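Structure in structure tokens, see below.
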Amino acid sequence: MYQWDFAPVLANFDLLALGLLNTFAVTGTALAFGVPLGLALALARLTGKPLLAWPAGLLIEVFRTTPPLVQLFWFFFALPILIRVEMTPFMAAAATFSIQSAAFFAEVFRGGIVSIERGQWEAGRAIGMTHSQAMRRIILPQAVKRMIPAFMERAIELMKTTTLVAVVSYADLLYQANELAQKTFRPLEVLTVAALLYFVCIFAVSLASRALERRLAVSGETTVR
Amino acid sequence: MNGNPDMRALLRVGGLEKRFGENAVLRGIDLEVTAGDRIAIIGASGSGKSTLLRCLNFMELPTAGRIELDGVAVGSERRRGDGSIERVYAEAELTRLRRRIGMVFQQFNLFPHMTAIGNVMEGLRTVLRRPAAEARARALVELTRVGLADKAEEYPARLSGGQKQRVAIARALALDPEILLFDEPTSSLDPELVGEVLAVIRSLAEEGRTMLLVTHELGFAYHFASRVLFLADGVIHEQGSPEEVLKHPREARTQAFLARHRAFSF
């Protein structure tokens, strides 16, 4: 019978806490760059101008269809060889996941924008709005509201995908958990605690997003059932 | 026809055509609108009446023909490769022009993420860049005009269809348009809500505003309009006073349309 013993894990909790902070750092950075970049890519793709739409579409498709692990390897190992930029593990991880999540967010933004009825565009134009005014004031606010569930789904996926950064020796939560497991010979307990930390963080975010949806639902249509 | 020869046409449409691919929806429309005209546009579905209205504020770009607003032709001429001439329209010019021509839609198209007063203020704030307090005061005037000052802070989802359409009318009025276009404003309303919207439109008529109205409400058209246009197959088939067109139509197609149309009372 296996004897569970969490004492060594708790004694070294600071290692896991540091890992969690690093996970937050790379997830947060990827979101901070990925969301605006994703919006820019979506708008570029929607212009219908080949010079903008094609490169945006190519970037989106490449990053959506290749494994994130390969992308990470490329940023960390291949780029330094090709263009002679040295990347720290954090920089490589942040760059990979910023662009990768931008590709996904671009599709979420595009889906949200095209889902808004044509009549909303027409009402904006009928009061003399330019295309960009209508986009900013009429279309995007409604599209963003519809995007929240898909957006949260991607953010959660992103936080879990960042566990890949261990391969470039970035000390995220899972990397630290592995170190601790080897140090304490208690892999089951360490990984269980790590999983619990992921669960608590992601579940909290998910609750917050539902609260946000409910608050935004005052103006009518709702995505919460 | 306009009675007063001194009055210059506010809107002059010449040879207007609109094709969607192979489908010719408008096949040569000539029309003059003088300030204060109230024009009802009737016709079967597919006759091009909504398309005509939508060309007047360039929601649809005409395939051929020209439109003058206050004596100034919209767009500019360009010679095609084969030597023929087409009109091209700069988006900036159309954007400026649309401020001067208000439009009310069949489906209201209120902005659902803004309150009633937010909807009415939007053009003043974003397009005309008026200060918030001034825009709010003006919006409240327009909401009062359509009888909805007490609903200023409600979101569209909490308003009835008739109330939504009245907010949409206030939204158009806030920009002081020289011409108002109504595209079947009561067609998606429950019958008991039609009256309140028509009452607002009638009060605007009494203020002497220039309006064009596409409608199936022939009874209302009779009382509202100074002129009635009957469209068929993309041309103005018959036009004249409500008395002439609706009560004593000369053309066989107009007579058939009126007979087919459900009974209406003047």
Side-chain angles (χ1 to χ4, degrees), chain A residues 39 43-44 46-53 108-109 111-151 209 211-225, chain B residues 50 53-54 56-60 90-116 118-129 153-159 164 167-168 170-177 180-183 188:
Chain A
L39 176 60
L43 293 178
L46 285 168
T47 54
K49 294 186 179 120
L51 222 58
L52 288 170
V108 175
F109 271 115
I113 289 168
V114 300
S115 79
I116 303 299
E117 303 72 28
R118 202 177 58 141
Q120 292 291 308
W121 283 104
E122 293 191 345
R125 284 161 68 208
I127 55 174
M129 283 187 173
T130 63
H131 181 88
S132 63
Q133 285 172 334
M135 180 67 94
R136 189 166 46 79
R137 295 285 307 167
I138 309 302
I139 305 303
L140 271 182
Q142 297 182 63
V144 165
K145 208 163 100 176
R146 291 186 192 179
M147 282 164 36
I148 293 174
F151 182 91
S209 92
L212 179 66
E213 276 181 61
R214 222 167 290 133
R215 212 175 67 80
L216 289 175
V218 278
S219 57
E221 57 187 274
T222 172
T223 50
V224 180
R225 272 183 247 288
Chain B
S50 279
L53 206 66
R54 292 165 57 81
L56 297 183
N57 69 342
F58 295 86
M59 286 287 149
E60 307 286 354
E91 193 53 38
E93 182 186 11
L94 300 185
T95 299
R96 277 195 308 276
L97 176 123
R98 291 192 192 104
R99 296 176 197 171
R100 303 170 57 188
I101 303 180
M103 187 169 218
V104 174
F105 301 88
Q106 181 179 348
Q107 301 294 340
F108 328 132
N109 296 341
L110 287 187
F111 308 131
H113 57 303
M114 298 178 186
T115 58
N119 268 273
V120 182
M121 287 170 65
E122 186 55 29
L124 296 167
R125 294 286 288 139
T126 302
V127 177
L128 299 184
R129 308 216 175 275
E153 301 303 330
E154 293 284 5
Y155 283 96
R158 308 248 337 237
L159 301 176
K164 282 183 202 173
V167 173
R171 177 174 67 183
L173 291 175
L175 295 176
D176 282 326
L180 274 170
L181 308 176
F182 292 89
D183 190 3
S188 48

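Throughout, a chain's letter reflects where its sequence line sits, starting with A, and its residues are numbered from 1. Keep in mind the model is a prediction, meaning the values are calculated, not measured.
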Q. Does any heavy atom of chain A fall under 4.5 Å from the side chain of B/Phe108, the backbone, both, or neither of them?
A.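 Answer is neither: B/Phe108 stays 4.5 Å or more from chain A.
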Q: Using atom types as modelled and distance alone, determine if a side-chain donor or acceptor of A/Gln120 lies under 3.5 Å from a backbone N or O of B/Leu110.
A: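 Side chain of A/Gln120 to backbone of B/Leu110: a pair is present.
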Q.
Is B/Leu181 close to chain A through its backbone or its side chain, or both, or neither, when contacts mean heavy atoms under 4.5 Å?
A.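 Neither part, no heavy atoms under 4.5 Å.
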Q.
Under 4.5 Å from any heavy atom of chain A, what part of B/Arg96 do you find: side chain, backbone, both or neither?
A.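 Contact with chain A involves no heavy atom of B/Arg96 at all.
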Q) When you look at A/Lys145 and A/Glu213, which way does the salt bridge (Lys or Arg N to Asp or Glu O under 4.0 Å) test go after all the steps? A) CA-CA 7 Å; A/Lys145 208 163 100 176; A/Glu213 276 181 61; over 6 Å; no
Q: State, with a plain yes or no, whether a side-chain heavy atom of B/Asn119 is found less than 4.5 Å away from one of B/Pro156.
A: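 Yes, at least one pair of side-chain atoms sits under 4.5 Å.
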Q. Who among B/Glu91, B/Met59, B/Met103, B/Arg171 has the most heavy-atom pairs with chain A under 4.5 Å?
A.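 Heavy-atom pairs under 4.5 Å are most numerous for B/Met59.
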Q. Is there any side-chain hydrogen bond (donor to acceptor under 3.5 Å, both in side chains) pair reaching into residues 101-111 of chain B, and which pairs are they, with sequence neighbours excluded?
A. none
Q: Can you tell which part of B/Ile101 gets under 4.5 Å to a heavy atom of chain A, answering side chain, backbone, both or neither?
A: backbone
Q. For B/Phe111, is it the side chain, the backbone, both, or neither that has a heavy atom closer than 4.5 Å to a heavy atom of chain A?
A.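 Both parts, backbone and side chain.
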Q: Using side chain to side chain donor-acceptor pair (under 3.5 Å) as the criterion, list what pairs up with A/Glu117, not counting sequence neighbours.
A: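 A/Glu117 satisfies side chain to side chain donor-acceptor pair (under 3.5 Å) with A/Arg146 once adjacent residues are dropped.
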**Q.** Top contributor to chain B interface from A/Gln133, A/Arg136, A/Glu122, A/His131 [non-hydrogen pairs under 4.5 Å]
**A.** A/Glu122
Q | Gap separating the OG1 atom of B/Thr95 from the CD1 atom of A/Ile127, nearest 0.5 angstrom | A | 11.5 Å
